[in-house]
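The structure appears below as structure tokens.
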Amino acid sequence: QVQLVESGGGSVQAGGSLRLSCKVTGVTAKYWAMAWWRQVPGKEREGVAGFDSDSETSYADSVKGRFTISQDKSTNTLYLQMNSLKPEDTATYYCAAQVRARMTAAQALHTPLFMDYWGKGTLVTISS
């Protein structure tokens, strides 16, 4: 059973940085894709950054150059380093995984329907 547990959310001022972590357990598939999504109440969930089993990455235009997704294989942890944070980055951030079929990092950001497993989310609040 795949489990995803996020941590690292919090409140920072605009221009600051945060690093989110997603502890991943139970992924045994050869091909997989993982991603960070975010959601603001009343709005659709948005794909932020994707990472696949070929170590390719993909980013939403809104975060390119500011966010970096990475993986630590030794600890099975997915990270999202967020720099130059803006108030519009305020959201609950979710870690998601897709293990049924081969999927690229970019595809992992197309629709939340592609993702099989989700964490419970971690709240990020950016003040101006």
Side-chain angles (χ1 to χ4, degrees):
Q1 179 72 11
V2 175
Q3 291 188 322
L4 309 170
V5 180
E6 304 97 334
S7 61
S11 298
V12 297
Q13 289 190 327
S17 298
L18 280 174
R19 188 176 77 161
L20 305 183
S21 301
C22 175
K23 179 66 175 176
V24 181
T25 56
V27 174
T28 59
K30 180 177 181 181
Y31 300 111
W32 48 264
M34 295 186 186
W36 287 96
W37 286 72
R38 66 186 181 187
Q39 189 168 26
V40 176
K43 294 189 176 181
E44 291 187 354
R45 199 165 287 195
E46 174 191 21
V48 175
F51 192 98
D52 63 33
S53 49
D54 292 324
S55 297
E56 296 293 324
T57 59
S58 184
Y59 298 91
D61 287 342
S62 58
V63 306
K64 277 181 183 176
R66 300 188 298 122
F67 290 12
T68 303
I69 189 171
S70 63
Q71 178 201 31
D72 184 337
K73 292 182 179 180
S74 67
T75 61
N76 292 325
T77 303
L78 187 74
Y79 295 103
L80 184 67
Q81 177 66 44
M82 306 186 295
N83 299 327
S84 302
L85 284 161
K86 304 175 181 180
E88 51 263 43
D89 294 318
T90 295
T92 298
Y93 284 71
Y94 298 91
C95 180
Q98 196 288 125
V99 300
R100 288 175 295 160
R102 195 166 191 172
M103 179 182 288
T104 67
Q107 290 171 327
L109 303 183
H110 283 180
T111 167
L113 298 177
F114 283 178
M115 309 309 285
D116 300 322
Y117 298 95
W118 294 84
K120 294 183 178 180
T122 185
L123 179 63
V124 171
T125 304
I126 311 302
S127 58
S128 58

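Counting from 1, the numbers follow the sequence of the chain as shown. Quick caveat, the model's predicted, so the values are computed rather than measured.
- A search for side-chain contact (heavy atoms from CB on, under 4.5 Å) contacts involving Ala108 returns Ala33, Ala35, Met103, Met115, not counting sequence neighbours.
- Considering only heavy atoms from C-beta on, Cys22 stays 4.5 Å or farther from Leu20 through its side chain.
- Partners of Glu88 by side-chain contact (heavy atoms from CB on, under 4.5 Å), not counting sequence neighbours, listed by chain and number: Lys86.
- At a threshold of 4.5 Å between side-chain heavy atoms, the hydrophobic network of Ile, Leu, Val, Met, Phe, Trp and Tyr places Val24 and Tyr94 in two separate groups.
- Here the straight-line distance linking atom NE2 of His110 with atom OG1 of Thr104 works out to 6.5 Å at 0.5 Å rounding.
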Output side-chain donor-acceptor pairs under 3.5 Å for residues 121-128, partner residues at least two apart or in another chain, one line each.
{"from": "Thr122", "atom 1": "OG1", "to": "Gly9", "atom 2": "N", "distance (Å)": "3.1"}

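- Contact of the Leu78 side chain with the Ile69 side chain is registered, since non-hydrogen atoms from C-beta on lie closer than 4.5 Å.
- Across every non-hydrogen atom of Leu18 and Leu85, the tightest pair is N-CD1, 3.8 Å.
- In this structure, Arg102 and Gln107 approach most closely via the heavy-atom pair O-OE1, 4.4 Å.
- Of all heavy-atom pairs between Ser17 and Asn83, the closest is OG-OD1, 2.9 Å.
- Considering every non-hydrogen atom in both Leu4 and Tyr117, the closest pair reads CD1-O, 3.5 Å.
- Annotation for Trp37 and Leu109: closest pair CH2-O, 3.5 Å, computed over non-hydrogen atoms.
- Of the possible polar contacts, one joining the Asp52 side chain to the Asp54 backbone as a donor-acceptor pair under 3.5 Å is found.
- Looking at residues two or more places apart in sequence or on another chain, you find a salt bridge (charged side-chain N to carboxylate O under 4.0 Å, His left out) between Asp89 and Arg38, Arg66.
- Proximity of a side-chain donor or acceptor of Ser53 to a complementary backbone N or O of Trp32 within less than 3.5 Å is detected.
- In this structure, the side chain of Lys23 engages the main chain of Thr75 through a donor-acceptor pair within 3.5 Å.
- With contacts defined as side-chain heavy-atom distances shorter than 4.5 Å, the pair Tyr93/Glu6 does not qualify.
- Smallest separation of non-hydrogen atoms from Met34 and Val27: CE-CG2, 3.8 Å.
- Remark: Lys43 pairs with Val40 by the side-chain contact (heavy atoms from CB on, under 4.5 Å) rule, at least two apart or across chains.
- Within the 3.5 Å criterion, the main-chain N or O of Thr68 finds no donor-acceptor partner in the side chain of Tyr79.
- Between the side chain of Gln98 and the backbone N or O of Arg100, at least one donor-acceptor pair lies under 3.5 Å.
- The side-chain contact (heavy atoms from CB on, under 4.5 Å) check on Ala29 picks up Val99, with sequence neighbours excluded.
- Under the 4.5 Å side-chain contact rule for hydrophobic residues, Val12 and Val63 share a cluster.
- Two residues are said to be in side-chain contact when any heavy atoms from C-beta on lie closer than 4.5 Å; Trp36 and Cys95 meet this criterion.
- Using a 4.5 Å heavy-atom threshold, the side chains of Pro112 and Trp118 count as touching.
- Taken to the nearest 0.5 Å, the CD atom of Gln39 stands 9.0 Å off from the CD atom of Glu44.
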